[in-house]
Amino acid sequence: MELRHLRYFIAVAEEGNVTRAAERLGIGQPPLSQQIIALERELDVQLFHRTGHGVVPTEAGKTLLIDAKRLLNDAQDAFLNAQRAGRGETGHLNLGLTASATFHPIVRSLIRAYRSAYPGVGLTLTEDRSARLLELLADGRLDLALLRPGTHSFAGVALHQIASEQFKAVLPAAHPLAKRRRIPLSALAGEPFILIPRVASPMLHDEVLSACRQAGFEPLLGQQAPQLSSVVNLVSAEFGVSIVPASVGQIHAEGAVYVDITDAKAVTQLALASREADASAKVNNFLALAKHTSMAAARRATEGPAPKNTAPR
């Protein structure tokens, strides 16, 4: 028995007439009659009483009609579910992100936009160190990872840049430069730098060192901190200075001050990492949305804030 046989049977049962059912199905009346007879033989039951005006379902036919409609509905649902999954509209997406990535506003915008555009996809977030996220990505336990790659590249991994942001200096409030709005990075030469250990965050660590070297000095490494919030707190305790992605300025600690850096090259990149061989629809959908979100954010940054309404009341 095939699904088309059930469709033929339902059409005849609902129309009560083989000729009208054939017109509805777009096939000839003789072939349709033959298909119904073949179905009755296969089931070894009579499905219709033949009358002078058409046909009427037997008890067996009435029972089959109920189940046939359910089976066709289930089959249609199965087809639609498969198509939705193929378009990346259902299923589950595992997204990894570093602690520093969580502070960037584009990340929040992207996650909100994805959940709104694909409500049928479950989204699980995993926060960890960059190196660990890349391991999980390679093992297939993550579909994508938001991280700061610096100048690094990784075998089998495609990197999709979604944002670029300036570094900011973090200074103790009592520091001579703390009252300045902007400083060159070279002004921090000779200061003890509080950094996250390279083993914990190699990419961000290397970006900080690279920015300092491009500014013409080798940073003096001081106290280490396990995470960015600890970096800011140690600065507030006057253990030294540091530079962090601008979005980390959301971390407030009494005694710590953020100051803009004038160096155009003192920037850090935020990227989405995916497996090069992964062409799944759900990953492509997220990447496409990330590209759109990134372009929209860049456009807003170029245009600047909307002018305030200064019209008299």
Side-chain angles (χ1 to χ4, degrees), residues 84-150 152 154 157-168 196 200-201 203-204 207 227-229 231-232 244-252 267-303 305-306:
R84 292 184 65 203
R87 293 192 298 263
E89 297 173 358
T90 60
H92 205 94
L93 184 79
N94 293 297
L95 175 66
L97 64 172
T98 61
S100 68
T102 62
F103 292 103
H104 200 292
I106 200 171
V107 174
R108 297 190 291 273
S109 297
L110 176 56
I111 291 173
R112 283 197 301 268
Y114 184 78
R115 294 186 66 193
S116 176
Y118 299 97
V121 179
L123 182 63
T124 297
L125 304 179
T126 299
E127 183 181 318
D128 213 323
R129 298 176 293 110
S130 297
R132 178 58 179 162
L133 293 178
L134 289 168
E135 290 177 8
L136 296 174
L137 184 66
D139 291 345
R141 284 179 282 175
L142 287 179
D143 300 299
L144 292 159
L146 278 159
L147 44 78
R148 299 181 186 274
H152 296 254
F154 313 97
V157 173
L159 293 172
H160 314 266
Q161 183 178 326
I162 63 169
S164 177
E165 63 177 322
Q166 285 286 134
F167 277 113
K168 277 182 177 283
I196 297 175
S201 183
M203 300 164 210
L204 184 58
E207 275 193 313
Q227 54 193 8
L228 285 169
S229 58
V231 168
V232 177
V244 296
S247 56
V248 175
Q250 299 168 65
I251 300 177
H252 299 288
V267 296
T268 174
Q269 308 299 329
L270 184 64
L272 267 169
S274 65
R275 289 183 296 277
E276 286 182 343
D278 191 344
S280 65
K282 63 182 179 181
V283 167
N284 287 336
N285 289 343
F286 196 95
L287 291 175
L289 198 56
K291 182 178 179 180
H292 174 78
T293 304
S294 175
M295 292 174 64
R299 188 166 55 250
R300 287 194 299 271
T302 301
E303 295 171 350

Engineer: Taking only residues two or more places apart in sequence or in another chain, which ones pass side-chain hydrogen bond (donor to acceptor under 3.5 Å, both in side chains) with Q250?
Structural biologist: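 Not a single residue meets the side-chain hydrogen bond (donor to acceptor under 3.5 Å, both in side chains) criterion with Q250.
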Engineer: Between G120 and R84, what is the shortest heavy-atom contact and its length?
Structural biologist: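 For G120 versus R84, the nearest heavy atoms are CA-NH2, 4.5 Å.
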Engineer: Do V157 and R275 come close enough that some side-chain heavy atom pair is under 4.5 Å?
Structural biologist: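 In short, these two side chains do not touch, never coming nearer than 4.5 Å.
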Engineer: If you define the side chain from C-beta out and look only at heavy atoms, does anything of L144 sit under 4.5 Å from K282?
Structural biologist: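 The answer is no; the side chains never approach within 4.5 Å.
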Engineer: Measuring from F154:CZ to L159:CG, what's the distance to the nearest 0.5 Å?
Structural biologist: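 Result: 6.0 Å between the selected atoms.
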Engineer: Donor-acceptor pair, Q166 side chain versus T268 backbone, under 3.5 Å?
Structural biologist: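 No, Q166 side chain to T268 backbone: no donor-acceptor pair under 3.5 Å.
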Engineer: Any side-chain heavy-atom pair from L142 and L95 closer than 4.5 angstrom?
Structural biologist: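 No, every pair of side-chain atoms sits at 4.5 Å or beyond.
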Engineer: What's the spacing between L123 CG and D143 CG if we round to 0.5 Å?
Structural biologist: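 Answer for the CG-CG pair, L123 versus D143, is 9.5 Å.
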Engineer: Tell me, with the steps shown, if L125 and L97 meet side chain to side chain contact (heavy atoms under 4.5 Å, CB included).
Structural biologist: CA-CA 7 Å; L125 304 179; L97 64 172; 4.1 Å; yes
Engineer: Tell me every residue that passes side-chain hydrogen bond (donor to acceptor under 3.5 Å, both in side chains) with Q227, counting only those two or more places apart in sequence or in another chain.
Structural biologist: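 Here the qualifying residues are S229.
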Engineer: Answer whether the closest heavy-atom distance between the side chains of I251 and V231 falls below 4.5 Å.
Structural biologist: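 Result no, sub-4.5 Å side-chain heavy-atom pair not found.
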Engineer: Around atom CZ of R115, are there more than 12 heavy atoms from other residues, nucleotides or ligands closer than 6.0 Å?
Structural biologist: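 For R115, atom CZ is not crowded (no more than 12 foreign heavy atoms under 6.0 Å).
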Engineer: Write down the atom of E276, the atom of A158, and the distance for their closest heavy-atom approach.
Structural biologist: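 Where E276 meets A158 most closely, the heavy atoms are CG-N, 3.6 Å.
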Engineer: Taking atom OG of S274 and atom CG of L287, what is their separation to the nearest 0.5 Å?
Structural biologist: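 One gets 5.0 Å once the value is rounded to the nearest 0.5 Å.
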Engineer: What are the two closest heavy atoms between A101 and L146, and how far apart are they?
Structural biologist: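 Between these two residues, the closest heavy atoms are CB-O, 3.9 Å.
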Engineer: Would you say that F103 contacts E165 through its side chain, given a criterion of any heavy-atom pair below 4.5 Å between the two side chains?
Structural biologist: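 Sidechains of E165 and F103: no contact.
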Engineer: Check whether more than 12 heavy atoms from other residues, nucleotides or ligands sit under 6.0 Å from atom NE2 of H292, and answer yes or no.
Structural biologist: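 12 or below, so no.
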Engineer: Can you run down the side-chain hydrogen bond (donor to acceptor under 3.5 Å, both in side chains) pairs that involve residues 122-131, sequence neighbours left out, and say none if there aren't any?
Structural biologist: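 Sorted result for residues 122-131: H92-T124.
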Engineer: Can you name the residues that form a side chain to side chain contact (heavy atoms under 4.5 Å, CB included) with T293, not counting sequence neighbours?
Structural biologist: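 T293 satisfies side chain to side chain contact (heavy atoms under 4.5 Å, CB included) with I106, S109, L110, L289 only.
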Engineer: Tell me, with the steps shown, if L93 and Y118 meet side chain to side chain contact (heavy atoms under 4.5 Å, CB included).
Structural biologist: CA-CA 11 Å; L93 184 79; Y118 299 97; over 6 Å; no
Engineer: Between A281 and G88, what is the shortest heavy-atom contact and its length?
Structural biologist: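 Smallest interatomic distance, heavy atoms only, reads CB-N, 3.4 Å.
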Engineer: Does any part of the side chain of T102, heavy atoms only, come nearer than 4.5 Å to the side chain of V107, both counted from C-beta?
Structural biologist: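 They are not in contact (no side-chain heavy atoms under 4.5 Å apart), so the answer is no.
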Engineer: Is there a side-chain contact between L134 and L147 (heavy atoms, below 4.5 Å)?
Structural biologist: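 Yes, side chains in contact.
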Engineer: Specify the closest pair of heavy atoms between S201 and I196, including all atoms of both residues, with the distance to one decimal.
Structural biologist: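 Heavy atoms of S201 and I196 come nearest at CB-CG2, 3.9 Å.
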Engineer: My understanding is that only residues two or more places apart in sequence, or in another chain, count here; which of them pass salt bridge (Lys or Arg N to Asp or Glu O under 4.0 Å) with R108?
Structural biologist: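 None.
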Engineer: Are side-chain heavy atoms of L204 and P245 found at a separation under 4.5 Å?
Structural biologist: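 SC-SC contact between L204 and P245 confirmed.
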Engineer: How long is the straight-line distance from OG of S280 back to CG of N285, given to the nearest 0.5 Å?
Structural biologist: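 OG of S280 is found 8.5 Å from CG of N285.
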Engineer: Quick one: side-chain hydrogen bond (donor to acceptor under 3.5 Å, both in side chains) partners of S100, sequence neighbours excluded?
Structural biologist: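 S100 satisfies side-chain hydrogen bond (donor to acceptor under 3.5 Å, both in side chains) with T98, R148 once adjacent residues are dropped.
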Engineer: Rounded to the nearest 0.5 Å, what separation is found between the OG atom of S294 and the CG atom of L270?
Structural biologist: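 So the gap between those two atoms works out to 9.0 Å.
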